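Every value quoted in this text rests on a predicted model; they were computed, and no experiment measured them. Side-chain atoms are counted along with the backbone in the values below, which use heavy atoms only and exclude waters and symmetry mates.
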Amino acid sequence: MKTILVAGGAGYIGSHMVALLAERGIDTVVVDNLRTGHWQAAKGARKLYVGDLRDAAFLDQVFSENDIDGVINFAAYSLVGESVTNPLKYYGNNVAGSQSMLTAMKEHSVHKIVFSSTAATYGEPEKQPIEETDRTDPTNPYGASKLAIEGMLKWCDNAYGIHYVALRYFNAAGSNPDAGIGEDHDPESHLIPLVMKTALGQRSHIGIFGDDYPTADGTCIRDYIHVRDLVEAHLLALEHLEKTGESGIFNLGSGDGYSVKEIIDTARKITGRPIPAVVEPRRAGDPSVLIASNQKAAAVLGWKPTRGLEEIISDAWAWHSSHPNGYEG
Ligand code: UDP
């Protein structure tokens, strides 16, 4: 039986990947150290192996016990602010974890990997929408660690024939209400889940980080992409690698931008809750606008996101209102 290995499959995006693979009847095993993930989130997998990617003997066991056909690697730390104060934690986990995974793949002759990269590889963008050929100059160690891994993938393809697709995510959001999974970070720092917690009355207000940006309403514009659209691209990427063996880097975004105020207004409409908002100082390092060009993913992978902002927010609301304390209840 051919199996897909999902590293970080108990995390937010990884668990949505596992649910999609289960929906498609694809055999899946997960490795996750459960430092930030939740075992309940990986239910769709045949087996959850709890351990760290940097543990070579552990990975060797996983590859020996299963007929792994391809790897999807979500396992990473992803807090931008923390990466600035503790860069070695990010290089140590993200870069060394991927290095260990690639080593196991090489030893077990597995030749396909889909890797979660990030729009943070671009840093301050040169232009909008951002294309994959634009300059990459990360402004934090999180983005730098992902860019370093993209480099490692390129050279491992060259030397060992491990083909890869690196997917640069813009702002992943939403949930899969049918699978009973959603976003549960501790601490939570992302806008949409914080807006949902404010709607639930768990926070007194949502802070708007700056309203003096050069945008129509003065608040930052981001490209929010439904997590279910996002994971569909990974499956297309695996199929692309299977068919062509051609490695590549792709943006995953909707191509549309929404301001912080537009997100809050849409959430007020969908939840019917007041959601008090207070303007606060800018957050360091936030570019004013980040919007993806998704032309390359459309042309090469045949990916077309189909879920808009209202569906993102109503699915996020379905998750948060039914799981006010995340996976704990
Ligand atoms: N943001 C905000 N208040 C919050 C959290 C985020 O105004 O409590 C803004 C943030 O400045 C950015 C946007 O919302 O412009 C999205 O931030 P998030 O942290 O969700 O994702 P990022 O774009 O940083 O990856």
Side-chain angles (χ1 to χ4, degrees), residues 1-53 55 58-59 61-78 97 101 113-116 167 169 172-188 190 192-193 196-197 200 225-239 252 307 311-312 314-329:
M1 180 168 40
K2 291 274 187 199
T3 300
I4 299 299
L5 171 59
V6 180
Y12 169 46
I13 303 173
S15 63
H16 286 78
M17 185 76 243
V18 172
L20 176 64
L21 291 164
E23 231 176 78
R24 301 283 170 92
I26 298 170
D27 187 61
T28 304
V29 294
V30 165
V31 300
D32 201 298
N33 62 15
L34 298 183
R35 292 238 192 109
T36 56
H38 308 270
W39 63 266
Q40 303 94 319
K43 301 190 284 276
R46 173 168 50 80
K47 183 157 179 169
L48 165 63
Y49 289 88
V50 179
D52 200 285
L53 293 193
D55 180 345
F58 164 71
L59 270 193
Q61 183 202 343
V62 175
F63 278 85
S64 300
E65 288 181 6
N66 299 279
D67 183 12
I68 305 291
D69 184 45
V71 172
I72 311 181
N73 186 12
F74 297 95
Y77 289 135
S78 61
M101 175 62 84
I113 181 166
V114 178
F115 170 67
S116 12
L167 299 171
Y169 308 157
S175 75
N176 182 339
D178 296 337
I181 54 176
E183 194 163 7
D184 181 4
H185 296 120
D186 186 20
E188 186 53 76
H190 294 113
I192 290 180
M196 298 291 108
K197 286 173 187 288
L200 284 171
I225 180 76
H226 199 300
V227 65
R228 298 189 67 187
D229 282 323
L230 199 70
V231 296
E232 282 171 9
H234 295 63
L235 212 46
L236 292 169
L238 273 180
E239 287 163 13
L252 295 185
R307 301 162 180 96
E311 193 169 348
I312 289 175
S314 63
D315 284 348
W317 181 234
W319 160 255
H320 286 279
S321 53
S322 60
H323 298 77
N325 300 307
Y327 285 98
E328 297 312 319

Enter the distance from [X]:[atom1] to [Y]:[atom2] here, rounded to the nearest 0.5 Å.
X	Y	atom1	atom2	value
Ser175	His226	OG	NE2	6.0 Å
Ile181	Arg228	CD1	CZ	8.5 Å
Trp317	Leu200	CH2	CG	4.0 Å
Arg24	Ile4	CZ	CD1	13.0 Å
Met196	Glu183	CE	CD	10.5 Å
Asn33	Leu53	CG	CG	7.5 Å

Heavy-atom closest pair, residues [X] and [Y]:
X	Y	result
Val18	Gly44	CG1-C, 3.7 Å
Gly180	Lys43	O-NZ, 4.4 Å
Leu5	Val31	CD1-CG1, 3.7 Å
Leu230	Ala172	CD2-CB, 3.7 Å
Ala42	Gly9	CB-O, 3.8 Å
Leu59	Met101	CD1-CA, 3.7 Å

Counting N and O atoms only, with roles assigned by atom type, does the side chain of [X] sit under 3.5 Å from a partner on the main chain of [Y], one being a donor and the other an acceptor?
X	Y	value
Tyr327	Gly182	yes
Thr28	Ile26	yes
His38	Asp184	yes
Ser116	Asn73	yes
Asn176	Ala179	yes
Trp39	Leu34	no

Would you say the side chain of [Y] lies within less than 4.5 Å of the side chain of [X], judging by non-hydrogen atoms?
X	Y	answer
Val227	Asp315	no
Arg46	Asn66	yes
Phe74	Val6	yes
Asp178	Glu23	no

- Task: Hey, can you tell me if Tyr169 and His234 have their rings parallel, tilted or perpendicular (30° and 60° cut-offs)?
- Result: tilted
- Message: If we check side chain to side chain contact (heavy atoms under 4.5 Å, CB included) with Val71, which of these qualifies: Val114, Ile113, Leu238?
- Response: Ile113
- Message: Is a donor from one side chain sitting under 3.5 angstrom from an acceptor on the other, for Tyr49 and Glu65?
- Response: yes
- Message: Among residues at least two apart in sequence or on other chains, which ones pass side chain to side chain contact (heavy atoms under 4.5 Å, CB included) with Val231?
- Response: Ile13, His16, Met17, Leu20
